[in-house]
Undergrad: 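My questions will all concern the structure given below.
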There are 4 protein chains.
Amino acid sequence: MPRRTLENAMQTKKKILETAQRLFSRRGFERTSLSDIAKGAGCTRGAIYWHFENKEELLMSLLESLEQEQFGMEFLNDACDPNSYNPLSKLKKWLSALCDEKNIALLNSTLISMVIMIFNGGSNPELKEMMQERRIQKNELIAKALKNIVSKGQLPSDLIIDLAVEHLCVFIVGTFHRSRVTNTNVLKNNFPLFIELEFKAIRELTEEKLRTNSLP
Amino acid sequence: MPRRTLENAMQTKKKILETAQRLFSRRGFERTSLSDIAKGAGCTRGAIYWHFENKEELLMSLLESLEQEQFGMEFLNDACDPNSYNPLSKLKKWLSALCDEKNIALLNSTLISMVIMIFNGGSNPELKEMMQERRIQKNELIAKALKNIVSKGQLPSDLIIDLAVEHLCVFIVGTFHRSRVTNTNVLKNNFPLFIELEFKAIRELTEEKLRTNSLP
Amino acid sequence: MPRRTLENAMQTKKKILETAQRLFSRRGFERTSLSDIAKGAGCTRGAIYWHFENKEELLMSLLESLEQEQFGMEFLNDACDPNSYNPLSKLKKWLSALCDEKNIALLNSTLISMVIMIFNGGSNPELKEMMQERRIQKNELIAKALKNIVSKGQLPSDLIIDLAVEHLCVFIVGTFHRSRVTNTNVLKNNFPLFIELEFKAIRELTEEKLRTNSLP
Amino acid sequence: MPRRTLENAMQTKKKILETAQRLFSRRGFERTSLSDIAKGAGCTRGAIYWHFENKEELLMSLLESLEQEQFGMEFLNDACDPNSYNPLSKLKKWLSALCDEKNIALLNSTLISMVIMIFNGGSNPELKEMMQERRIQKNELIAKALKNIVSKGQLPSDLIIDLAVEHLCVFIVGTFHRSRVTNTNVLKNNFPLFIELEFKAIRELTEEKLRTNSLP
DNA sequence: AATGAATGAGTATTCATTCAT
DNA sequence: AATGAATGAATACTCATTCAT
């Protein structure tokens, strides 16, 4: 039963995207055939090719939608704003958003695992590079936020920014991946606590570094 | 020129395994064909089928060898030993091993990325479960070590073990993944420092939790 | 902006035909898709189907237009006219037309190559037969012209018509194909000369045949 | 029923080649699918891919075999040999070979029509260029032969080589194509005669050119 | 112990065609 | 008169697997 109106066409496209997301996440890009997607979306392979150039473009379309689903990025941007009154709290809010219900749901049920897989699998070098670049940009944003926080006196003025960024990244990445695989709620329930500890650690970073270095 | 006996056969098998490891790590399981492996190993597809049931079994053989390449596990076991004089230092040593040259090399160049990919991609459910189980076991081992350390008075007696395990795991997993993707040496060069900070955080965990909970 | 009536429709059809001619000639029938044609004509596939039954019918429409673009046929007809004063010069004029600028352009840039290709490729048997018939008709026309020329005393009365037709056809076909592939101007620049030589040869045909046959 | 011995494998390859030749000639390259060939050869598509890289390579293999089936090339080479006693007769022999039974059979029943089609159809630009080059080489060979014949005094010393080559080529190409499409035996039966006339024409070429040029 | 030949199912992609709007 | 959406069959090609030798 062919759909002919614009409305129906949009629905078809949406269904294809949804199915692709579901299947790519579940089985991975390679192991998902366009046949599978077509079957799942209730249309033919041909219909997919009407809406998308090819399989890769379908993936790219999916990834673009990821961009817009990023939670809490406004908080990170706020933390970089020199006019912000309390950038530290903004940064903490951003970290909190990483572990809230909605984000965890995103992590577990959607594109993320696909993205990780694509990134880890050697699949698409261009895609990989694109992601690498995005990571670097985010690191720079974090550095900027930290500098801003230091300038507001909320973190020690002798903070070694690179080190702090790295420590924060380890914490973020760890939280991210741990959230995906753990089956307890320990992390989720204690995330505010962990955040506090994280900033305590950052605050003591320089001092601790001096102490460590002075050891034999 | 007839290949003479066992010796040569073993060499063929070894070459197949090495090539498979290299290619699976680089391109992923799906995108690596037996033809590729055969070509890389200097034999024919048929030869692979002499040594392995099929492609999956070849993968499994590879994974078994992973087990034996785990670095530093003896330190974690030592940290659990009630007779150990200084279990905390053992635990620190285990953590250190995670970020030393050899382990980083392992992370970046071998099976690990393959495993992650296989784990993230839904390829093999049994494989996934097997890995989940191993993770739980390791968590329990860490819990045991922490309890042992507490009993030796090296960590506060009111330490909330679950919380500490989780915090440590976030740190470990974060370090692990961050090592794989970063292109700077910041993490590697400051790992001892990060470990010290980690234990400082753990030491303050309970106290901080009480303070956080008492907030409005 | 509504396309107003017949005028625009005709223009669309014309554009489709032009594009089809160009693309069929360039890439061949099989390798040209209706999508390509639609794109080239600035319309959609659907529009093509409004004007033509299907791809084959589009081709047939194109071929019909070939009929009318035949250059110089009036000269050949003139050469057959018993009332013609100088049929030989008419025949020469017809041959000349075969190699003039316009015809060469036609040969190289239009349907002809398509026709040859279709004819050589077994695509359409009916088409093939249609062309075969046309060739026979043309041969008969040439025979008629030669007889007329003989009757006017412009060629020897003992001319073996069949032989002369064949010789002329070899010359025509050779010129035709050679024009298409050569990249020099030698043929084009010397065509009048070649025509003179051709008739010289025809004039000596019978005599030469007798000589040849009398050899051991 | 899989074939396993070398002998059988060769037979399979041969059958594939034969079928491909037959089908390519009959229906053209594009319109012949590997499925058709496999069916005709009594094997699977996979078997074709065992013996040939892809469809194009299968075609190339076929074309290479054409090279070796070229009749009479030794005569053309002989005609170029400065030590040849009678190069003119060698050249005539080469022309004769073009129209003998065996060659005509080749023309009508084998690869030739495929080659023509491929050449006319825009199919493969590389293939086209390859053929163009071969044609140029052959022209040069003919020029060489004519010069040799002139040097032996068998053709006038003022012969304009380029012109003679072109005239000969028109004759050859015309004969070639006319042989393919005609349904009478006139050409075949009188070919020696036509050759004699051809050389008569060439002999008079320069003289005739001077006469033509001096016309108003 | 290993090769070389072959199978057959599966994959992405193309394209002529249809048809509601 | 023409569009845009969709179908479905066909196509070249890949690859895990089988098996006689």
Side-chain angles (χ1 to χ4, degrees), chain A residues 1-6 8-13 30-36 38 43-56 58, chain B residues 2-13 30-38 43-51 53-56 58, chain C residues 2-13 30-38 43-51 53-56 58, chain D residues 1-6 8-13 30-36 38 43-56 58:
Chain A
M1 79 202 100
R3 315 266 169 82
R4 307 287 174 184
T5 59
L6 182 67
N8 279 326
M10 283 308 177
Q11 222 167 341
T12 302
K13 183 167 187 175
E30 320 286 349
R31 294 173 73 96
T32 302
S33 76
L34 291 185
S35 256
D36 295 335
C43 65
T44 61
R45 260 165 296 172
I48 298 179
Y49 278 95
W50 175 259
H51 291 285
F52 306 93
E53 286 272 322
N54 52 35
K55 202 184 175 186
E56 292 250 312
L58 171 56
Chain B
R3 303 256 172 120
R4 244 156 296 133
T5 63
L6 206 66
E7 194 183 353
N8 281 323
M10 280 309 175
Q11 218 167 349
T12 302
K13 183 167 185 174
E30 321 287 349
R31 295 172 73 97
T32 303
S33 75
L34 291 186
S35 253
D36 295 334
I37 296 171
C43 66
T44 61
R45 260 160 299 171
I48 299 179
Y49 278 93
W50 175 259
H51 291 287
E53 285 273 320
N54 51 33
K55 204 183 174 187
E56 291 251 313
L58 170 57
Chain C
R3 302 256 171 121
R4 245 157 296 132
T5 61
L6 205 67
E7 195 183 349
N8 281 323
M10 280 308 175
Q11 219 166 347
T12 302
K13 184 166 186 175
E30 321 288 347
R31 294 172 75 97
T32 302
S33 76
L34 291 186
S35 254
D36 295 333
I37 296 172
C43 65
T44 61
R45 261 161 297 170
I48 299 178
Y49 277 93
W50 175 259
H51 292 286
E53 285 273 321
N54 52 33
K55 204 183 174 187
E56 290 251 312
L58 170 57
Chain D
M1 83 202 96
R3 314 268 170 79
R4 309 289 172 180
T5 59
L6 183 67
N8 280 326
M10 283 308 177
Q11 221 167 342
T12 303
K13 184 167 186 174
E30 320 285 349
R31 295 172 73 96
T32 302
S33 76
L34 292 185
S35 255
D36 295 335
C43 66
T44 61
R45 259 163 298 169
I48 298 179
Y49 279 96
W50 175 259
H51 291 286
F52 306 93
E53 287 271 322
N54 52 35
K55 201 183 175 186
E56 292 250 312
L58 171 55

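Hydrogens, waters and symmetry mates are skipped; everything else that's a heavy atom, side chains included, is used. Sequence lines set the chain letters: A, B, ... in the order given, protein chains first and strands last, and positions in each chain run from 1.
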Undergrad: For B:Ser35, what residues pass the side chain to side chain contact (heavy atoms under 4.5 Å, CB included) criterion, not counting sequence neighbours?
TA: B:Ser33, B:Arg45

Undergrad: If I compare all heavy atoms of D:Lys55 with all of D:Glu30, which pair ends up nearest, and what's the gap?
TA: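 Shortest heavy-atom contact: NZ-O, 3.9 Å.
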
Undergrad: Side-chain contact test, heavy atoms from C-beta onward, threshold under 4.5 Å: evaluate it for D:Phe52 versus D:Lys13 and give yes or no.
TA: yes

Undergrad: I need the CG-P distance between A:Asn8 and F:dT7, as an integer number of Å.
TA: 11 Å

Undergrad: To the side chain of C:Tyr49, which of E:dA2, E:dT18, F:dT17 is closest?
TA: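 Given the options E:dA2, E:dT18, F:dT17, the side chain of C:Tyr49 is closest to E:dT18.
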
Undergrad: For DNA chain F, what dot-bracket results from Watson-Crick or G-U pairs at under 3.5 Å, with [ ] for crossers and | for inter-strand partners?
TA: .||||||||||||||||||||

Undergrad: Between E:dT17 atom C1' and C:Asn54 atom CG, what is the distance in whole Å?
TA: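 That distance rounds to 9 Å.
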
Undergrad: Grab the N/O contacts between the protein and nucleotides 8-11 of chain E below 3.5 Å, and write none if there aren't any.
TA:
none

Undergrad: Check whether any side-chain nitrogen or oxygen of A:His51 sits under 4.0 Å from OP1 or OP2 of F:dG4, and answer yes or no.
TA: no

Undergrad: Taking the side chain of A:Trp50 as its heavy atoms from C-beta onward, which of F:dT7, E:dA5, F:dG4 lies nearest to it?
TA: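 Ranking F:dT7, E:dA5, F:dG4 by closest atom to the A:Trp50 side chain puts F:dG4 first.
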
Undergrad: Would you kindly give the CZ-to-P distance between A:Phe52 and E:dT13, to the nearest whole Å?
TA: 13 Å

Undergrad: Report yes if at least one side-chain N or O of A:Thr12 is closer than 4.0 Å to OP1 or OP2 of F:dA6; otherwise report no.
TA: yes

Undergrad: Could you give the distance from OG1 (D:Thr44) to CG (D:Leu34), rounded to the nearest 0.5 Å?
TA: 11.0 Å

Undergrad: Nearest whole angstrom, please: distance from the P of F:dC15 to the CD1 of D:Ile48.
TA: 18 Å

Undergrad: Grab the CD-C1' distance between C:Glu56 and E:dC15 for me, whole Å please.
TA: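 For the pair C:Glu56 CD and E:dC15 C1', the rounded distance is 15 Å.
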
Undergrad: Between D:Glu53 and A:Lys13, which has a closest nucleotide on DNA chain F that is more 5'?
TA: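 Result of the comparison: A:Lys13.
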
